[in-house]
Structure formats: C-alpha cells, structure tokens
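Contents: one structure, followed by commentary.
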Amino acid sequence: MAKVIIEPWTPAHRSLCWRLADAYFACRGIDAWTKGEIPHDATDNYGMARQHARFLAEHAAATASALAEVWVLEVGSGLGQFAANLVRALEVDTGDAGRALAPRLKIVLTDYATKTVEQAAESPNLAPLVARGTVIPALFDMRHPARLVDLAGAPLSPPPLTAVYANYVCCVLPPRNLQRRNDRWFEQLVQLSAEVDGEGPAADARELLSDPTRDSLLEELTLLWGWRPVEPAAALPSGIHTEVLEATAEALPEATISYPASFIDFLVAFAPRLSPSGVFIISDYGRVERGMLAGLTDRKPQIYGNSLAFEVHFPVFDAFADAAGWSILRTDDRNRSLHTALLRAGGAFQADDVARFDDSYRHAHQGEDLVDFYDIAMRAADDEEFDRAVRFYRRCVRLDPGSAHYRYKLADALADSGDHARALAEAMRSRELPGAKDHDFDFLLGRIHALRDDYGAATAWYERSLQLEEHQVTLTNLGTLYEHDRRWGDARAAYRRALELQPDYQRAIDNLASLGEDAP
Ligand SMILES: C[S@@+](CC[C@H](N)C(=O)[O-])C[C@H]1O[C@@H](n2cnc3c(N)ncnc32)[C@H](O)[C@@H]1O
C-alpha cells in the first residue's frame, strides 16, 4: 500500500468525495441514523416537531380550506422521524388547529436514497402512517427536481403543496465555496490522496467507491484544500447565481461564502409545485449574520459517516429572495444551534405570517431545549451528579412526554439518585409506551428492585431481561442474587455464562473466584 493521489486538484463541489457521499447514502439505509453516524436529533426531535406543527396548523388554518387535504413534502427525509413526530405533535400537542389538520394532512416523504425511504417507511413509527395514507413514501433527487416518483417508479403529482421541508439537507448538497479578495474571486479546490494499492487514479477511485459504507473511509482520505482564481460566472451555473453571490458579498471586500447553487436551483425549479401561499421551510446549522461571512476563512466540511456537510450561509438566501422577488423570514440569532428560514416565491409576507413565524421559530426553542437538556442530563449522569441529571431528564420528558427513551433515562437517574420509589413508578409506567421495546426496562426494574433490597422481584426482572438479551452484566447481577439465595450452582453457571460472553468481564471473574469451585 502506498499513499497515492486519487484525485488531482478539483473544484471542491465536483470532488469524488461527493460521489462517495452519494454512494454512502444509497447503500447505508437507515442504519446511517440508527447507528449514530448521521446526527438528526436537532431537526427531527419532538420539540422541533411541536414548533413545526404549530406553524403548519396555523398556516394551514389561515391559507387552506378547512375541509381540504393539506399536502406537504419533505426532501432528504432520512430516517423519517420528522414526519412521525410532526403527525404526533399535531394530534396531541397543537390544540384544536392541530387536531383539525392531522386527519387531512398528507406528507410526501422523499429522499434520493431508495433503501432509506423503503426502510423508513417500514419502521414502526412510520408504517402505520404509511398504511393509513398519511405518509406517502417517494423518491426525489433535489438535483433533478422534475422527477418525483413513488417507490415503484411511477410519477407522483401531489396537489399544490402547503409546505416543503428541508431539514439538514442544504448542508449536504455540494456548495460552491468561493472567496472574494477585493476585486477578485477564488474558488475552492480539493486534492484527495489515500493509502491504496496504487493502480492509477481511476482504479483507486473505483476501489474507494466499491464499499462506500466502510467505516471511516472518508476520514482516512487525506483532503488538501486550496483556492484558485475564477470568474464567478464561470464558477456558477447560469441564471441568477452571479447576482446573488455579488449581493451577498456587497461591501465585504474580503468574504468566504458557501454558495448553495444546487439548493437554490432546486428552490426555483420546485416552486411551481407549491400553492401560492406555500412555503419552503429550511432548517439547518450555519451562519446567520452577513458579517460572519467576512474575511478569508477555511471552508472545511464536517464528516458524518462517509458523508460531508458544510455549514449553511443563510445570508445568501436574503440576497436570493431579493434578486428573485421571493420573500423570506428567518431566525437570525447567531447563538442558536439550528436556524430556520421560510421562503416563498413571490409576494411579501404579511403581518400574520410574521407573527406565526415568530411564535413558532424565532421565539420558540423546544427543539434546541430538548437537545441541550438531554446533553446536560447525560453529562451530569456521567459525572454522578444524579439530582441534576434527574432535573434535566424531567425537562426532556416535559418536552416529549410520549418518549420511552427520555423516561427510561429519567428512571435510571432516579434510581441512581436514591429515589427508588419514583424510579420504580416511572419505569413501570414507561415500559408500556410505544418505543419501550428499544430499552431494557426489565433490566432497569431488576436494578431498581435490587436497590430496594427486594431481591425476589429483582431476580424475576433480571431473568425476564435475559430472555430478551443474554448480557454479561445481567448474568453477573443475577449471580450475586443467586448467591444471596444460596443457589451456588445457579450463581456459578451465571458467572460462567457471563465470561463466555465477555471473557475479561472483571466482576464475573472476581465473583466466580470468590465463590470458589468447591461451594456446594
Ligand atoms: C443529513 S441527512 C438529513 C436527514 C433528515 N432530514 C434529518 O433532518 O435528520 C441528509 C439527507 O439528505 C439526503 N440527500 C442527500 N443528497 C440529496 C439529494 N441530492 N436529493 C435528495 N436527498 C438528498 C440523504 O440521503 C439524507 O437522507
């Protein structure tokens, strides 16, 4: 193996990296999210869904007939969690307007990755919504906006759309990274090298793309970044882009701009599918003040799985709206972790649009709160500050009362905080919730009962847990309970089995040693 250049200096948006990202999304399916490779909680958590649900319910009430179906579409839907949470939030957390809208809502759930859409549509959260016709799975590549098809490949023509959602999608479309240095422009280039067999760039590229889901493949490539002079008109597709770029950089003698050319082309091409009051709702991370684009800065992507993401430069959308005669509302507090922009082709937003936007996005932050509270709670639990962990998990539960996950974490932290009675009540209540099967409530109940010195109940719950998954910790905990009951043979068998599962599991090694081979 030798380090070889597999892609010479190339404009960054045309790099092989993007083909690798396409291949990664095409092959990985929903494991990209469920295995924690692609972050998604900020855009699709229930708190964020409540914000979107409020906006959509009020917007639909103001703009659509009270009896008609309301059609929305999501691009780059990934795991599909957003759609499931949006429906739940409308049904249970958005008052009369939400309840009135929920049965009339149709969500066209699209992604360009067939496997992802198919798997998402079959997931427990979405399958019932697909079965009842609320969610319509479909394929859509934003780079080819004329083609919207169902999973069988038949063209789809939904009625005029009330909203189009783009969550964490603008950031994954290759931007044109451009720098203004006084009166000259430069475009970003990248050169790729990797440790490969070295049979020539084409063969090496083929080898790279042969298994795009390989762990850390993109991270193992060496990416060198550079800049070369360019005329904006040559760096950008034809159309409105040069004007938008120049307007974004106006009065910034030096600026570095991630220009979302393909996303803007998608907006323009797709706009005719929206109703006259229809809106694009873009949620992403990035920079919101034009001043934040000033200066000559590096533009490096975040790498998630084998995909790339560039932070979104929202001021470009202001310039686009201006140049195209569209209207825009957007959040602009630079300290927020997720920003939302509302774009509509034509006509200025009215005062009630602004009020709805402010109520749901500018002044609302349940989505970010959920992410922040959860993060604080997890850190507190790691630091054994269990009372603090309990307080913040409680805040998560308040924001997402139907989540078995937050309630599991709350019960676990309550147990560690010493509040065993509340831990028990919380765990017993929560194990009935949808999604509870993803958590080992039986193990948790075993632990809580053991902490309450109710060893009989603890044994029973641990044994139930073993029926779902044989785990060395459960076996070892059970072993100690068997010892307490003087069931030496059962204890020994439990420790031995734990050590078959994990030969270096120290607690089982120690317990087995202290039990001794000779105990009756
Ligand atoms: C970072 S994920 C976001 C997923 C989801 N919207 C969320 O908020 O978690 C980006 C998604 O965009 C999809 N995607 C990437 N390029 C696309 C394109 N050209 N057209 C449509 N979807 C695309 C990927 O398959 C992936 O599902």
Side-chain angles (χ1 to χ4, degrees), residues 52 55-56 58-60 62-64 70-76 108 110 140 142-146 148 158-171 173 175-176 178 232 236-251 257-284 286-290 293 312-332 338-362:
H52 284 297
F55 179 83
L56 182 64
E58 292 177 2
H59 179 68
T63 59
V70 169
W71 284 73
V72 303
L73 180 143
E74 185 185 4
V75 291
V108 187
T110 78
F140 181 66
M142 297 164 76
R143 295 163 304 186
H144 305 288
L148 171 64
L161 298 163
T162 296
V164 172
Y165 294 95
N167 298 321
Y168 272 165
V169 176
C170 187
C171 63
L173 296 189
R176 315 290 164 111
L178 294 158
L236 292 167
S238 59
I240 201 169
H241 300 297
T242 311
E243 181 187 347
V244 176
L245 176 73
E246 301 276 5
T248 307
E250 197 186 321
I257 298 173
S258 270
Y259 186 83
S262 33
F263 191 80
I264 287 179
D265 284 342
F266 151 72
L267 293 175
V268 172
F270 207 68
R273 292 213 189 229
L274 276 67
S275 72
S277 55
V279 284
F280 290 94
I281 305 179
I282 302 156
S283 289
D284 230 306
R287 300 188 182 207
V288 287
E289 292 171 11
R290 219 162 62 87
L293 312 185
V312 173
H313 286 174
F314 283 86
V316 176
F317 292 129
D318 301 340
F320 162 70
D322 226 23
W326 286 38
S327 20
I328 181 163
L329 294 169
R330 63 180 182 86
T331 55
D332 51 10
L338 189 76
H339 302 289
T340 300
L342 202 68
L343 276 158
R344 179 152 73 204
F349 283 120
Q350 303 301 311
D352 55 346
D353 294 311
V354 177
R356 280 196 290 276
F357 181 81
D358 286 354
D359 289 346
S360 300
Y361 299 110
R362 197 187 295 274

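Starting from 1, each residue takes its place in the sequence as its number.
Residue Leu343 is tested with Leu329, Val279, Ile282 for a side-chain contact (heavy atoms from CB on, under 4.5 Å); the sole match is Ile282.
Listed by chain and residue number, Phe55 satisfy the ring pair (Phe, Tyr, Trp, His ring centres under 6.0 Å) test with His59 (two or more places apart in sequence, or in another chain). Every residue was checked against the salt bridge (Lys or Arg N to Asp or Glu O under 4.0 Å) condition with Asp322, not counting sequence neighbours, and none meets it. Judged as a side-chain hydrogen bond (donor to acceptor under 3.5 Å, both in side chains), and not counting sequence neighbours, Thr110 has no contacts. Tyr165 is linked by a side-chain hydrogen bond (donor to acceptor under 3.5 Å, both in side chains) to nothing, counting only residues two or more places apart in sequence or in another chain. For Glu289, the salt bridge (Lys or Arg N to Asp or Glu O under 4.0 Å) partners are Arg334, not counting sequence neighbours. Under the salt bridge (Lys or Arg N to Asp or Glu O under 4.0 Å) criterion, Arg290 pairs with no residue at all, not counting sequence neighbours. A search for side-chain hydrogen bond (donor to acceptor under 3.5 Å, both in side chains) contacts involving Thr340 returns Ser283, not counting sequence neighbours. With sequence neighbours excluded, the residues satisfying side-chain hydrogen bond (donor to acceptor under 3.5 Å, both in side chains) with Asp318 are Arg330.
When every heavy atom of Ala319 is checked against every heavy atom of Val244, the shortest pair comes out as CB-O, 3.6 Å.
Within the structure, salt bridge (charged side-chain N to carboxylate O under 4.0 Å, His left out) pairs that include any residue of residues 339-348 comprise Arg344-Asp353 (at least two apart or interchain).
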Report all side-chain donor-acceptor pairs from residues 259-275 shorter than 3.5 Å, counting only partners two or more places apart or in another chain.
residue	atom	partner	partner atom	Å
Tyr259	OH	His241	ND1	2.8
Asp265	OD1	His241	NE2	2.7
Arg273	NH1	Leu156	O	3.4
Ser275	OG	Leu161	O	3.4
Ser275	OG	Gly278	N	3.2

